[in-house]
Amino acid sequence: MAELGRDGLTVPLVAARAGVTPSTVYRRWGDLQELLSDVAVERLRPEGAPEDHGSLRADLGAWAEQFLEEMASAAGRAYIRDALAGDPDGGNAGQCSEYAAEQVRILLGRAAGRGEAVPELEEVMDVVVAPMMYRILFRPGPETMAGEEKTGKKEAGAKKAGAAGAAGSGGVADYARRLVERLLPG
(Lines give C-alpha, C1' and ligand atoms only; values in the text may rest on other atoms or scores of the structure.)
Protein backbone atom coordinates (compact mmCIF):
# COMPACT_ATOMS: atom_id res chain seq x y z
CA MET A 1 0.00 0.00 0.00
CA ALA A 2 2.85 2.38 0.76
CA GLU A 3 4.19 1.95 -2.77
CA LEU A 4 1.00 1.78 -4.84
CA GLY A 5 -1.72 3.20 -2.63
CA ARG A 6 -4.79 1.37 -1.56
CA ASP A 7 -6.44 1.42 -4.99
CA GLY A 8 -3.39 -0.21 -6.56
CA LEU A 9 -3.31 -3.13 -4.14
CA THR A 10 -4.43 -6.50 -5.49
CA VAL A 11 -4.23 -10.10 -4.32
CA PRO A 12 -1.79 -11.02 -7.13
CA LEU A 13 0.54 -8.18 -6.02
CA VAL A 14 0.36 -9.28 -2.38
CA ALA A 15 0.98 -12.89 -3.39
CA ALA A 16 3.96 -11.94 -5.55
CA ARG A 17 5.50 -9.92 -2.68
CA ALA A 18 4.92 -12.87 -0.31
CA GLY A 19 6.42 -15.33 -2.79
CA VAL A 20 3.26 -17.44 -3.08
CA THR A 21 0.63 -17.95 -5.74
CA PRO A 22 -2.55 -15.86 -5.69
CA SER A 23 -4.56 -19.05 -5.09
CA THR A 24 -2.72 -19.46 -1.77
CA VAL A 25 -3.89 -16.03 -0.64
CA TYR A 26 -7.44 -16.64 -1.90
CA ARG A 27 -7.61 -20.00 -0.07
CA ARG A 28 -6.57 -18.40 3.21
CA TRP A 29 -8.48 -15.12 3.03
CA GLY A 30 -11.07 -15.38 0.27
CA ASP A 31 -10.54 -11.85 -1.00
CA LEU A 32 -8.43 -8.76 -0.53
CA GLN A 33 -10.83 -7.19 1.97
CA GLU A 34 -10.62 -10.18 4.32
CA LEU A 35 -6.82 -10.06 4.12
CA LEU A 36 -6.82 -6.34 4.90
CA SER A 37 -9.22 -6.98 7.79
CA ASP A 38 -6.82 -9.47 9.37
CA VAL A 39 -3.88 -7.12 8.83
CA ALA A 40 -5.85 -4.27 10.44
CA VAL A 41 -6.64 -6.37 13.50
CA GLU A 42 -2.96 -7.11 13.97
CA ARG A 43 -2.08 -3.43 13.57
CA LEU A 44 -4.71 -2.48 16.17
CA ARG A 45 -3.21 -4.86 18.75
CA PRO A 46 -1.72 -2.87 21.66
CA GLU A 47 2.05 -3.02 21.89
CA GLY A 48 2.13 -3.38 25.66
CA ALA A 49 0.36 -2.80 28.94
CA PRO A 50 -0.97 0.67 29.67
CA GLU A 51 1.20 2.92 31.82
CA ASP A 52 0.71 3.07 35.57
CA HIS A 53 -0.02 6.63 36.71
CA GLY A 54 -0.82 5.74 40.33
CA SER A 55 -4.63 5.88 40.40
CA LEU A 56 -7.52 4.53 38.39
CA ARG A 57 -8.63 8.04 37.40
CA ALA A 58 -5.15 8.95 36.12
CA ASP A 59 -4.57 5.55 34.50
CA LEU A 60 -7.92 5.41 32.75
CA GLY A 61 -7.73 9.07 31.71
CA ALA A 62 -4.31 8.64 30.11
CA TRP A 63 -5.31 5.35 28.48
CA ALA A 64 -8.60 6.76 27.12
CA GLU A 65 -6.84 9.78 25.68
CA GLN A 66 -4.18 7.65 23.97
CA PHE A 67 -6.77 5.11 22.75
CA LEU A 68 -8.95 7.83 21.25
CA GLU A 69 -6.03 9.62 19.59
CA GLU A 70 -4.80 6.36 18.04
CA MET A 71 -8.23 5.18 16.89
CA ALA A 72 -9.26 8.64 15.62
CA SER A 73 -6.05 9.14 13.62
CA ALA A 74 -6.21 8.69 9.86
CA ALA A 75 -4.40 5.34 10.17
CA GLY A 76 -6.61 4.24 13.06
CA ARG A 77 -9.78 5.05 11.15
CA ALA A 78 -8.50 3.15 8.11
CA TYR A 79 -7.66 0.11 10.25
CA ILE A 80 -11.11 0.22 11.89
CA ARG A 81 -12.80 0.40 8.49
CA ASP A 82 -10.68 -2.47 7.16
CA ALA A 83 -11.20 -4.60 10.26
CA LEU A 84 -14.97 -4.25 9.96
CA ALA A 85 -15.33 -4.36 6.17
CA GLY A 86 -13.66 -7.74 5.71
CA ASP A 87 -15.24 -9.35 8.78
CA PRO A 88 -18.34 -11.29 7.71
CA ASP A 89 -18.65 -13.27 10.96
CA GLY A 90 -17.73 -10.49 13.41
CA GLY A 91 -14.64 -12.27 14.71
CA ASN A 92 -12.26 -9.42 13.95
CA ALA A 93 -14.57 -6.85 15.52
CA GLY A 94 -14.74 -9.05 18.60
CA GLN A 95 -10.95 -9.31 18.69
CA CYS A 96 -10.56 -5.54 18.51
CA SER A 97 -13.06 -5.17 21.34
CA GLU A 98 -11.14 -7.73 23.36
CA TYR A 99 -7.90 -5.75 22.89
CA ALA A 100 -9.54 -2.72 24.52
CA ALA A 101 -11.16 -4.86 27.23
CA GLU A 102 -7.83 -6.45 28.12
CA GLN A 103 -6.20 -3.05 28.49
CA VAL A 104 -9.05 -1.93 30.76
CA ARG A 105 -8.80 -5.18 32.78
CA ILE A 106 -5.16 -4.36 33.47
CA LEU A 107 -6.09 -0.88 34.70
CA LEU A 108 -8.90 -2.21 36.88
CA GLY A 109 -6.65 -4.92 38.30
CA ARG A 110 -3.99 -2.40 39.22
CA ALA A 111 -6.56 -0.16 40.90
CA ALA A 112 -8.04 -3.08 42.85
CA GLY A 113 -4.52 -4.04 43.94
CA ARG A 114 -4.08 -0.52 45.31
CA GLY A 115 -7.33 -0.87 47.23
CA GLU A 116 -9.35 1.48 45.03
CA ALA A 117 -13.03 0.89 44.30
CA VAL A 118 -13.33 -0.22 40.70
CA PRO A 119 -16.28 -0.28 38.31
CA GLU A 120 -17.21 -3.40 36.38
CA LEU A 121 -15.39 -3.96 33.08
CA GLU A 122 -18.58 -3.68 31.04
CA GLU A 123 -19.43 -0.37 32.67
CA VAL A 124 -16.07 1.03 31.56
CA MET A 125 -16.60 -0.33 28.07
CA ASP A 126 -20.11 1.18 27.90
CA VAL A 127 -19.29 4.58 29.40
CA VAL A 128 -15.80 5.21 28.03
CA VAL A 129 -14.93 3.00 25.05
CA ALA A 130 -18.30 2.66 23.29
CA PRO A 131 -18.98 6.42 22.98
CA MET A 132 -15.50 6.97 21.52
CA MET A 133 -15.96 4.28 18.89
CA TYR A 134 -19.47 5.54 18.06
CA ARG A 135 -18.14 9.06 17.53
CA ILE A 136 -15.23 7.82 15.41
CA LEU A 137 -17.46 5.69 13.20
CA PHE A 138 -20.71 7.63 13.00
CA ARG A 139 -20.36 11.18 14.33
CA PRO A 140 -16.85 12.44 13.67
CA GLY A 141 -16.21 15.94 14.88
CA PRO A 142 -13.89 17.94 17.11
CA GLU A 143 -14.03 15.24 19.79
CA THR A 144 -12.58 12.65 17.44
CA MET A 145 -10.34 14.58 15.06
CA ALA A 146 -6.76 13.56 15.75
CA GLY A 147 -3.73 15.82 15.40
CA GLU A 148 -2.86 15.44 11.73
CA GLU A 149 -6.49 16.00 10.77
CA LYS A 150 -6.82 19.38 12.47
CA THR A 151 -8.16 21.79 9.90
CA GLY A 152 -9.89 25.11 9.88
CA LYS A 153 -13.13 23.16 9.87
CA LYS A 154 -12.11 21.32 13.03
CA GLU A 155 -10.98 24.51 14.75
CA ALA A 156 -14.25 26.22 13.87
CA GLY A 157 -16.13 23.26 15.36
CA ALA A 158 -14.06 23.50 18.53
CA LYS A 159 -14.87 27.22 18.82
CA LYS A 160 -18.57 26.45 18.46
CA ALA A 161 -18.26 23.79 21.17
CA GLY A 162 -17.00 26.47 23.53
CA ALA A 163 -13.92 26.76 25.70
CA ALA A 164 -14.10 23.15 26.85
CA GLY A 165 -13.77 21.90 23.29
CA ALA A 166 -10.75 24.09 22.61
CA ALA A 167 -9.00 23.89 26.00
CA GLY A 168 -5.99 21.80 26.91
CA SER A 169 -4.48 19.61 24.24
CA GLY A 170 -7.65 19.76 22.18
CA GLY A 171 -11.03 18.22 21.67
CA VAL A 172 -9.78 14.62 21.55
CA ALA A 173 -8.05 14.75 24.94
CA ASP A 174 -10.88 16.73 26.51
CA TYR A 175 -13.53 14.34 25.23
CA ALA A 176 -11.67 11.28 26.50
CA ARG A 177 -11.19 12.86 29.92
CA ARG A 178 -14.86 13.88 30.10
CA LEU A 179 -15.91 10.28 29.50
CA VAL A 180 -13.67 9.13 32.35
CA GLU A 181 -15.17 11.84 34.58
CA ARG A 182 -18.66 10.50 33.80
CA LEU A 183 -17.54 7.07 34.93
CA LEU A 184 -15.51 8.24 37.95
CA PRO A 185 -17.05 11.54 39.10
CA GLY A 186 -15.43 13.58 41.82
Side-chain angles (χ1 to χ4, degrees), residues 1-2 5-7 32-51 57 59-108 119 121-162 164-184:
M1 280 198 312
R6 181 167 189 104
D7 292 339
L32 181 62
Q33 193 57 58
E34 287 185 38
L35 169 64
L36 292 175
S37 180
D38 283 357
V39 168
V41 169
E42 284 305 309
R43 300 294 270 173
L44 290 169
R45 180 188 306 268
E47 294 179 4
E51 290 186 39
R57 181 181 309 285
D59 288 353
L60 191 56
W63 178 83
E65 185 178 333
Q66 179 181 357
F67 178 82
L68 182 55
E69 286 196 12
E70 289 174 3
M71 294 298 113
S73 71
R77 288 174 190 274
Y79 290 140
I80 292 168
R81 283 191 301 270
D82 283 342
L84 297 176
D87 187 24
D89 66 358
N92 283 348
Q95 184 59 55
C96 291
S97 176
E98 185 54 33
Y99 291 157
E102 182 55 33
Q103 296 279 293
V104 171
R105 274 189 207 96
I106 291 168
L107 299 176
L108 296 176
L121 170 67
E122 289 306 315
E123 185 178 8
V124 178
M125 298 300 285
D126 289 345
V127 175
V128 177
V129 179
M132 289 191 278
M133 294 306 295
Y134 179 83
R135 291 257 184 188
I136 290 168
L137 291 170
F138 301 113
R139 294 196 47 97
E143 297 86 358
T144 57
M145 296 302 285
E148 71 266 11
E149 297 170 2
K150 290 181 181 176
T151 65
K153 187 179 193 180
K154 187 256 182 206
E155 290 167 11
K159 286 179 184 174
K160 285 182 185 177
S169 61
V172 172
D174 292 340
Y175 180 64
R177 299 281 177 168
R178 284 194 316 267
L179 292 173
V180 171
E181 286 298 318
R182 283 184 198 159
L183 178 71
L184 305 170

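Under the rule for a salt bridge (Lys or Arg N to Asp or Glu O under 4.0 Å), the partners of Asp38 that lie at least two apart in sequence or sit in another chain are Arg28. Residues passing the side-chain contact (heavy atoms from CB on, under 4.5 Å) test with Pro140, sequence neighbours excluded: Arg77, Thr144. Applying the salt bridge (Lys or Arg N to Asp or Glu O under 4.0 Å) test to Glu123 and every residue at least two apart in sequence or in another chain returns nothing. In this structure, Tyr175 has no ring-ring contact (aromatic ring centres under 6.0 Å, His included) partners at least two apart in sequence or on a different chain. Partners of Gln66 by side chain to side chain donor-acceptor pair (under 3.5 Å), not counting sequence neighbours, listed by chain and number: Glu70. Not counting sequence neighbours, Arg139 has no partner by the salt bridge (Lys or Arg N to Asp or Glu O under 4.0 Å) test. Listed by chain and number, the residues in a side-chain contact (heavy atoms from CB on, under 4.5 Å) with Val41 are Ala83, Asn92, Gln95, Cys96, Tyr99 (sequence neighbours excluded). For Ala49, the side-chain contact (heavy atoms from CB on, under 4.5 Å) test picks out Ile106, Arg110, with sequence neighbours left out. By the salt bridge (Lys or Arg N to Asp or Glu O under 4.0 Å) test, Glu122 is found to be paired with no residue, residues two or more places apart in sequence or in another chain being considered. In terms of the side chain to side chain donor-acceptor pair (under 3.5 Å) criterion, residue partners of Arg105 (sequence neighbours excluded) are, by chain and number, Glu98, Glu102.
Here CG of Leu183 is found 15.0 Å from CZ of Arg178. Values are rounded to the nearest 0.5 Å. With values rounded to the nearest 0.5 angstrom, Gln33 atom CD is found 9.0 Å from Leu35 atom CG. A distance of 9.5 Å separates CG in Leu179 from CD in Glu143, rounded to the nearest 0.5 Å. The CD atom of Gln103 sits 11.5 Å away from the CG atom of Leu60 when rounded to the nearest 0.5 Å. Rounded to the nearest 0.5 Å, atoms OG (Ser97) and CG (Leu44) are 12.0 Å apart.
Evaluation of the salt bridge (Lys or Arg N to Asp or Glu O under 4.0 Å) test over residues 78-89, restricted to residues two or more places apart or in two chains, returns Arg6-Asp82.
Residues Glu34 and Gly86 come closest through the heavy atom pair CG-O, 3.5 Å. Among all heavy-atom pairs drawn from Glu69 and Val172, the shortest one is CG-CG1, 3.3 Å. The minimum heavy-atom distance linking Trp63 with Ala100 is given by the pair CZ2-O, 4.1 Å.
Heavy-atom neighbours of Glu51 CD from other residues, nucleotides or ligands within 6.0 Å: at or below the threshold of 12.
A salt bridge links Glu42 to Arg45: one of the charged nitrogens lies within less than 4.0 Å of a carboxylate oxygen.
Under the 4.5 Å side-chain criterion, counting only non-hydrogen atoms from C-beta, Leu84 is not in contact with Ser37.
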Using distance only, find each side-chain donor-acceptor pair of residues 124-136 under 3.5 Å and give its atom names and separation, not counting sequence neighbours.
none

